[in-house]
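Data block below; observations after.
When a residue number appears, it is its place in the shown sequence, counting from 1. Keep in mind it's a predicted model, so treat the numbers as computed, not measured.
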Amino acid sequence: QVHFVESGGGLVQPGGSLKLSCSYSGSDFSIYAVGWYRQVVGKQRDFVAAITAGHITKYGDDVKGRFTASRDNAKSTAYLQMNSLKPEDTAVYYCLWVDFYSNGDVDPRGSWGQGTQVTVSS
């Protein structure tokens, strides 16, 4: 069964950086858009970023200018570089396929993985 595996989370101080990875075990990674979402326990899952097969990106308002999505199709891996981290960035981060529409809307598709915990605290 093909799926995504998130990694790279951890504990970081405010103002610090982390780079998350999203590895895909299938063979068609280069075809689809990949999205990043995050969730705090007890709250809804929020959109963070998305990147199309052609490397077009979109970001949630809370992370614009601080986070950068990228992908390496040869490695079937997507990345989320997170800079200037704030305590409110603390969450479990997930990646999965998304539908990235021409009007800029992004919708998740497929199943959610285990995610990776990011904690921003001094």
**Prompt:** Take atom CD in Q114; do more than 12 heavy atoms of anything else shown fall under 6.0 Å from it?
**Reply:** no
**Prompt:** With under 30° as parallel and over 60° as perpendicular, where do the rings of F29 and W97 fit, or are they tilted in between?
**Reply:** tilted
**Request:** Give the minimum heavy-atom separation between V120 and T90, together with the two atoms involved.
**Result:** N-OG1, 2.8 Å
**Prompt:** D62: what forms a side chain to side chain donor-acceptor pair (under 3.5 Å) with it, not counting sequence neighbours?
**Reply:** none
**Complete:** Nearest heavy-atom approach of F47 to G60 is CE2-N, 3.6 Å
**Request:** Tell me whether the guanidinium CZ or amine NZ of K64 lies under 6.0 angstrom from the six-membered ring centre of Y59 and within 45° of its axis.
**Result:** no
**Complete:** Heavy atoms of S25 and H3 approach each other most closely as OG-N, 2.9 Å
**Prompt:** At what distance, to the nearest 0.5 angstrom, does OG of S76 lie from CZ of F4?
**Reply:** 9.0 Å
**Prompt:** When hydrophobic residues are tied together by side-chain contacts of less than 4.5 Å, even through go-betweens, does V92 share a cluster with L18?
**Reply:** no
**Message:** Between V48 and V118, is there shared hydrophobic-cluster membership here, with clusters defined by ILVMFWY side-chain heavy atoms closer than 4.5 Å?
**Reply:** yes
**Prompt:** Hey, does the side chain of S121 reach the backbone of T119 with a donor-acceptor pair shorter than 3.5 angstrom?
**Reply:** no
**Request:** Apply the side-chain contact (heavy atoms from CB on, under 4.5 Å) test between T116 and each candidate in L80, V5, L20; give the one that qualifies.
**Result:** L20
**Asked** Would V106 and I56 show up in the same hydrophobic cluster when neighbours are defined by side-chain heavy atoms closer than 4.5 Å?
**Response** yes
**Request:** Kindly work out whether a path of hydrophobic side-chain contacts (I/L/V/M/F/W/Y, heavy atoms less than 4.5 Å apart) joins F100 to L96.
**Result:** yes
**Item:** Least distance between heavy atoms, I31 atom then A53 atom
**Value:** O-CB, 3.5 Å
**Request:** Please test D107 against Y101 for side chain to side chain contact (heavy atoms under 4.5 Å, CB included), starting from the C-alpha separation and ending with a verdict.
**Result:** CA-CA 8 Å; D107 289 329; Y101 298 100; 3.3 Å; yes
**Request:** Compute whether any side-chain donor of one residue and acceptor of the other, for S17 and N83, lie under 3.5 angstrom apart.
**Result:** yes
**Prompt:** Would you say S30's side chain and N73's backbone share a donor-acceptor pair under 3.5 angstrom?
**Reply:** no
**Prompt:** So, for A49 and A69, which heavy atoms are closest and what is the spacing to 0.1 Å?
**Reply:** CB-CB, 4.2 Å
**Message:** I'd like to know if the side chain of K19 reaches the main chain of G8, judged simply by a donor and an acceptor atom lying under 3.5 Å from each other, with no hydrogens or angles considered.
**Reply:** no
**Message:** Do T77 and Y24 make a side-chain contact, defined as non-hydrogen atoms from C-beta onward lying under 4.5 Å apart?
**Reply:** no
**Asked** If you round to the nearest 0.5 Å, how far is OG1 of T68 from CE of M82?
**Response** 11.0 Å
**Item:** Pairing residues for S102 by the side chain to side chain contact (heavy atoms under 4.5 Å, CB included) criterion, not counting sequence neighbours
**Value:** none
**Message:** With a 3.5 Å distance limit and no angle check, can you tell me whether R66 reaches the backbone of S84 through a side-chain donor-acceptor pair?
**Reply:** yes
**Message:** Applying side chain to side chain contact (heavy atoms under 4.5 Å, CB included) to F67 and Q81, what does each step give before you reach the verdict?
**Reply:** CA-CA 5 Å; F67 290 12; Q81 177 67 48; over 6 Å; no
**Asked** What pair of heavy atoms forms the shortest contact from R71 to I51, and how long is it?
**Response** NH1-O, 3.3 Å
Sequence neighbours excluded and cut-off under 3.5 Å, please list the side-chain donor-acceptor pairs for residues 32-40, or say none.
residue, atom, partner, partner atom, Å
R38, NH1, D89, OD1, 2.9
R38, NH1, Y93, OH, 2.9
Q39, OE1, R45, NE, 3.3
Q39, OE1, R45, NH2, 3.0
Q39, NE2, K43, O, 2.9

